[in-house]
Amino acid sequence: MRPYVIINAAMSADGKISTKEHRQTKISGDQDFARVDRLRADCDAVMVGIGTILADDSSLRLKNPDLIAERAAAGKPEQPMRVVIDSQARMPPDGDMFKKGTGQRVIFVAKSAPADRIAALAKKATVITAGTNKVDLNIVLDKLGEMGVRKLMVEGGATLLWSFTSQRLFDEIRIYVGALIIGGADAPTFVDGFGFTRSEGFTRLTLKDVEKIDDGLLITWLKKE
């Protein structure tokens, strides 16, 4: 059984998730940070694309000690599984994800990834081949389901989110819209990728909830069937 997929992201009022330099930007505040930490704690796995790792050296770890203790008391690993989509095995073997926190790290690569890079990563993580020249997310979700992941949190970046949304491989989207304007034609939006044409049709959503948090809004959508 595939996991229930929750896409979680923060964007500016004009839809940007970072600056034109692709640098991480603080968009939400303490209340939303706590919400995101709780969501991570409630999920079996947290996923990002390799672009996010290379830009921010993200550790993806759960930081709140109370939430870590809560998971342990429930018989779960202290940290959710940390997953990176990395077609060409570009993940730095000395990155923060390997240095901080405990638990299982999983890297999905394509068959075309260089063997030496795969071997280096295999010393630090579980490396799984899923796809020929590019990681196939359908295979990824099947594999994660087989590994016991029932709830998956996908955090970005924009290219990975395009892949999930364009293929309708999600169940729920939670977006925090912050009270700032970033601007820039080259600044990443919530989803990038190729984009749809009108003749192709769009991925449609059903509004579930809107909540004021900090000085912005948390909007929750469900995939429209």
Side-chain angles (χ1 to χ4, degrees), residues 2-9 17-18 20-24 40 43-61 79-101 103-149 151-171 173 186-196 200 203:
R2 286 183 173 183
Y4 185 88
V5 177
I6 300 172
I7 294 174
N8 184 82
I17 61 173
S18 67
K20 61 185 179 181
E21 297 95 353
H22 292 232
R23 298 300 300 272
Q24 190 176 36
R40 281 181 174 176
C43 289
D44 301 304
V46 179
M47 176 188 290
V48 295
I50 184 59
T52 297
I53 294 290
L54 295 178
D56 303 330
D57 195 18
S58 307
S59 71
L60 302 185
R61 76 191 190 285
Q79 296 285 343
M81 179 190 296
R82 290 178 271 177
V83 182
V84 179
I85 304 300
D86 183 12
S87 293
Q88 295 305 307
R90 294 185 293 156
M91 179 83 182
D94 60 349
D96 271 359
M97 198 181 80
F98 299 129
K99 296 177 181 176
K100 298 178 179 179
Q104 188 174 13
R105 288 87 160 170
V106 179
I107 315 294
F108 283 95
V109 301
K111 292 179 182 177
S112 59
D116 58 333
R117 294 184 194 168
I118 292 176
L121 290 177
K123 296 177 182 178
K124 302 286 187 71
T126 301
V127 180
I128 300 174
T129 300
T132 304
N133 295 310
K134 181 181 178 181
V135 170
D136 184 331
L137 292 180
N138 283 283
I139 298 174
V140 169
L141 293 179
D142 287 339
K143 292 288 186 182
L144 290 177
E146 292 169 5
M147 297 168 76
V149 175
K151 186 184 288 187
L152 170 66
M153 176 183 179
V154 181
E155 295 196 18
T159 300
L160 181 63
L161 295 184
W162 164 254
S163 296
F164 268 96
T165 55
S166 63
Q167 296 178 62
R168 294 174 53 83
L169 297 175
F170 68 94
D171 298 283
I173 295 176
D186 296 326
T189 59
F190 168 63
V191 293
D192 285 341
F194 295 107
F196 292 114
E200 291 171 328
T203 297

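The chain is numbered in sequence order, starting from 1. Source: prediction; values computed, not measured.
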Review point. What do you reckon, is CG of Asp186 surrounded by more than 12 foreign heavy atoms closer than 6.0 Å?
Key: no
Check residues 127-140 and write down every donor-acceptor pair under 3.5 Å in which the side-chain atom is one partner and the other belongs to a residue at least two apart or another chain.
unit_1	atom_1	unit_2	atom_2	d
Asp136	OD1	Asn138	N	2.9
Asn138	OD1	Arg2	NH1	3.3
Asn138	OD1	Arg2	NH2	3.0

Practice item. Look at the side chain of Arg105 and the backbone N and O of Gly103, then say whether any donor-acceptor pair between them is shorter than 3.5 Å. Key: yes
Study note, to complete from the structure: To the nearest 0.5 Å, atom CZ of Arg82 lies from atom CZ of Phe98 at 9.0 Å
Practice item. Check whether any side-chain heavy atom of Ile53 sits under 4.5 Å from a side-chain heavy atom of Pro92, and report yes or no. Key: yes
Check your understanding: Is there a side-chain contact between Leu144 and Asp44 (heavy atoms, below 4.5 Å)?
Key -> no
Exercise for review: Give the intermediate values and the outcome of side-chain contact (heavy atoms from CB on, under 4.5 Å) for residues Arg90 and Leu54.
Suggested key: CA-CA 8 Å; Arg90 294 185 293 156; Leu54 295 178; 3.5 Å; yes
Review point. Distance from Thr126 atom OG1 to Phe108 atom CZ, nearest 0.5 Å?
Key: 9.5 Å
Point to revise | Note, Met97 side chain near Lys124 side chain (heavy atom, < 4.5 Å) | key: no
Practice item. May I ask you to decide if Gln88's main-chain N or O and Arg117's side chain share a donor-acceptor pair within less than 3.5 Å? Key: yes
Point to revise | Verdict with supporting geometry, Ile173 and Phe164, side-chain contact (heavy atoms from CB on, under 4.5 Å) | key: CA-CA 11 Å; Ile173 295 176; Phe164 268 96; over 6 Å; no
Review point. Do you know which two heavy atoms are closest between Phe170 and Ile7, and how far apart they sit?
Key: CB-CD1, 3.8 Å
Review point. CD/Glu200 to OG/Ser166 distance, rounded to the nearest 0.5 angstrom?
Key: 10.0 Å
Exercise for review: Taking all non-hydrogen atoms of both residues into account, name the closest pair between Ser87 and Ala113 and its distance.
Suggested key: O-CB, 3.4 Å
Check your understanding: What do the steps show when you test Thr165 against Phe196 for side-chain contact (heavy atoms from CB on, under 4.5 Å), and what is the final call?
Key -> CA-CA 11 Å; Thr165 55; Phe196 292 114; over 6 Å; no
Exercise for review: Starting at OG1 of Thr52, measure out to CD1 of Ile17 and round the result to the nearest 0.5 Å.
Suggested key: 7.0 Å
**Study point:** Identified side-chain contact (heavy atoms from CB on, under 4.5 Å) partner of Ile50 from the options Asp86, Ile85, Ile107
**Key:** Asp86
Review point. Taking C-beta and beyond as the side chain, do Lys143 and Val106 meet within less than 4.5 Å on heavy atoms?
Key: no
Review point. So, does Asp96 use its side chain to make a donor-acceptor pair with the main chain of Ser58 at under 3.5 Å?
Key: no
Practice item. Assess whether side-chain contact (heavy atoms from CB on, under 4.5 Å) is satisfied between Val154 and Leu160, documenting all intermediate values. Key: CA-CA 9 Å; Val154 181; Leu160 181 63; 4.0 Å; yes
Exercise for review: With sequence neighbours left out, write down each residue that passes side-chain hydrogen bond (donor to acceptor under 3.5 Å, both in side chains) with Thr203, or none if nothing qualifies.
Suggested key: none
Review point. Can you name the closest pair of heavy atoms from Pro3 and Asp171 and give their distance?
Key: O-OD2, 3.9 Å
Review point. Met81 versus Val149: any side-chain heavy-atom pair under 4.5 Å?
Key: yes
Check your understanding: Just how far is it from atom CG of Leu60 to atom CE of Met153, taken to the nearest 0.5 Å?
Key -> 9.0 Å
Exercise for review: Provide the closest heavy-atom pair for Ala120 versus Pro93 in the form atom of the first, atom of the second, distance.
Suggested key: CB-CG, 4.2 Å
